[in-house]
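Structure record follows, encoded as structure tokens.
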Amino acid sequence: MFKKFFYMSLIVLLFLVSIFSFTGVSLAAENVASPDGYKVVDKKVNHVTENIYLEYKKDGQTKTITKQEFKNAEAKAKEEYNKHRQNKIYNTSKKATLSPNNINKKIKSPQATAASYLEVNTSATFDSNKKNITLTATINKIIGTPPIIIITGYNLYSNKAVLGGFNKVAGLQKEWTGSQIKVGQQTSKVYNVTSTNFWMTSSVITAGWAGGNPKTDTAQSGPVLTNKKAQFYPNIYTEFMKKSMPIPERADMKAVPIEKRVPWNNTLRGQYIKKFIDTYGDPKWDWSTADIHHVVPREYGGTNNFSNLYPLTRELHQQVVSPWWVNY
């Protein structure tokens with residue numbers, strides 16, 4: 001069974017390589033399914049995306065405004081925007097989002113013609129080829145009366161643990177006014193990754209319309225874990241176990257000297273396989289072609305506890321999971 005998975009994985013990997021070679025980015029977010037019931041997401045480029053939608057209800061139509069009216073709307077928008085800025089955000093759930101390719105914040109589509117709508121997209125592109133994260137904000141759609149000012153802020157936060165406070169490490173802030181406000185308008189900023197981290201993003205979009213109060217919306221995504229090449233931690237799900245490969249809870253584990261690492265041998269491997277079958281049932285796998293992966297590797301102090309072990313095909317272990325840890 002594991003050999004079947006290898007050949008299917010090899011075909012999929014070759015297909016993905018051809019996409020990367022031609023476009024330089026990954027255009028698909030679909031899981032790769034194997035005959036053995038493994039689903040694998042392992043891409044060189046990943047996107048965390050947030051869509052923000054703002055609505056402004058106004059009875060009148062577009063009109064010419066005075067300089068003072070513009071200044072008033074601008075001042076209100078900036079004041080509103082600053083209320084929502086954050087230099088630190090918190091995560092209280094141990095569950096990290098492994099591959100958040102489409103994280104959208106949506107509201108009901110517009111019905112009344114008297115209302116005006118704005119859609120702004122913010123995205124963080126994690127590129128392991130370039131070892132960086134690109135923050136981008138784009139005006140996607142304007143319906144009705146355009147705002148006279150848009151202030152967009154998109155921030156990147158990092159932490160060495162999945163829980164706790166995430167500190168701001170990079171961000172972009174852009175103010176668009178007048179003729180600058182048009183569909184397709186975009187701003188971006190690149191952050192170079194040098195270490196393994198958990199990452200979160202947050203966005204604040206404030207828009208001001210003439211003669212009205214500004215509107216603000218916010219969104220937050222993550223956390224996700226990447227190594228020092230900005231590569232997402234592999235997202236692997238086993239259909240037989242109904243369980244994903246666990247994610248480590250820290251990004252700053254230190255290497256343990258060889259003599260202090262827990263032992264691993266055929267006897268311990270056999271004990272794990274027996275407990276696996278007792279726990280989940282017999283998958284009828286050819287265990288001779290399987291590796292037992294330590295979620296927290298022995299090199300970083302990982303134990304032989306059942307909860308720290310996860311069965312993988314040898315090819316998947318050696319070609320996907322181990323390379324991620326090489327760049328930990």
- Task: Show your working on side-chain contact (heavy atoms from CB on, under 4.5 Å) between N159 and N91 and close with a plain yes or no.
- Result: CA-CA 10 Å; N159 193 28; N91 178 48; over 6 Å; no
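- Side-chain N/O atoms of D286 and S288 include a donor and acceptor closer than 3.5 Å.
- Note that CG of L225 is 10.5 Å distant from CD of Q231, once rounded to the nearest 0.5 Å.
- Here the side chain of N304 pairs a donor or acceptor atom with the backbone of P263 at under 3.5 angstrom.
- Within a 6.0 Å sphere centred on OH of Y90, other residues, nucleotides and ligands contribute 12 heavy atoms or fewer.
- The side-chain heavy atoms of Y191 and L135, taken from C-beta on, include no pair separated by under 4.5 Å.
- When atom types are taken as modelled, the side chain of D127 and the backbone of N129 share a donor-acceptor pair closer than 3.5 angstrom.
- The environment of K182 atom NZ is sparse: at most 12 non-hydrogen atoms of other residues, nucleotides or ligands sit within 6.0 angstrom.
- K131 places no side-chain N or O within 3.5 Å of a backbone atom of K228 that could act as its donor or acceptor partner.
- Distance alone, capped at 3.5 Å, is enough to place a donor-acceptor pair between the T196 side chain and the Y328 backbone.
- When atom types are taken as modelled, the side chain of W264 and the backbone of R269 share no donor-acceptor pair closer than 3.5 angstrom.
- Between Y310 and T238, the side chains place a donor N or O and an acceptor N or O closer than 3.5 Å (distance only, hydrogens not considered).
- A centroid separation of 6.0 Å or more is found between the aromatic rings of F198 and F166.
- Rounding to the nearest 0.5 Å places CD of Q271 at 8.0 Å from CG of N265.
- W324 contributes no side-chain N or O that, together with a main-chain N or O of P234, makes up a donor-acceptor pair within less than 3.5 Å.
- The two residues P248 and M253 have their closest heavy-atom pair at CB-CE, 4.3 Å.
- With rounding to the nearest 0.5 Å, the separation of NZ in K229 from CZ in F126 is 16.0 Å.
- With rounding to the nearest 0.5 Å, the separation of OG1 in T289 from CD in E315 is 7.0 Å.
- Separating the OG atom in S203 from the CG atom in L172 is a distance of 10.0 Å, to the nearest 0.5 Å.
- Residue-environment remark: NZ (K243) exceeds the threshold of 12 foreign heavy atoms within 6.0 Å.
- Using a 3.5 Å distance cut-off with no hydrogens or angles, the side chains of N197 and S195 do pair a donor with an acceptor.
- Between the CD1 atom of I277 and the CH2 atom of W285 there is a distance of 9.5 Å, given to the nearest 0.5 Å.
- Distance alone, capped at 3.5 Å, is enough to place a donor-acceptor pair between the R314 side chain and the A290 backbone.
- Residues Q180 and E175 come closest through the heavy atom pair OE1-O, 3.8 Å.
- Between Y237 and K242 the shortest side-chain heavy-atom distance falls below 4.5 Å.
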- Message: Does M245 form a side-chain contact (heavy atoms from CB on, under 4.5 Å) with L312? I'd like the steps, not just the answer.
- Response: CA-CA 9 Å; M245 184 174 69; L312 296 169; 4.3 Å; yes
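- Not a single donor-acceptor pair under 3.5 Å links the side chain of T134 to the backbone N or O of V190.
- By the neighbour-count criterion of 12 heavy atoms within 6.0 Å, atom NZ of K168 is densely surrounded, having more than that number from other residues, nucleotides or ligands.
- Using modelled atom types, one side-chain atom of Y233 and one backbone atom of P246 make a donor-acceptor pair closer than 3.5 Å.
- Follow the hydrophobic side-chain contacts under 4.5 Å out from F306 and you reach F240 in the same cluster.
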- Message: Walk me through whether H294 and Y300 qualify under side-chain contact (heavy atoms from CB on, under 4.5 Å).
- Response: CA-CA 10 Å; H294 287 70; Y300 293 103; over 6 Å; no
- Task: Given side-chain contact (heavy atoms from CB on, under 4.5 Å), test V262 with L268 step by step and report yes or no.
- Result: CA-CA 11 Å; V262 298; L268 293 170; over 6 Å; no
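- Residues I133 and V193 have side chains in contact (heavy-atom distance under 4.5 Å, counting atoms from C-beta outward).
- Between the side chain of N308 and the backbone N or O of T303 there is at least one donor-acceptor pair closer than 3.5 Å.
- Using a 4.5 Å heavy-atom cutoff, the side chains of F276 and L309 are not in contact.
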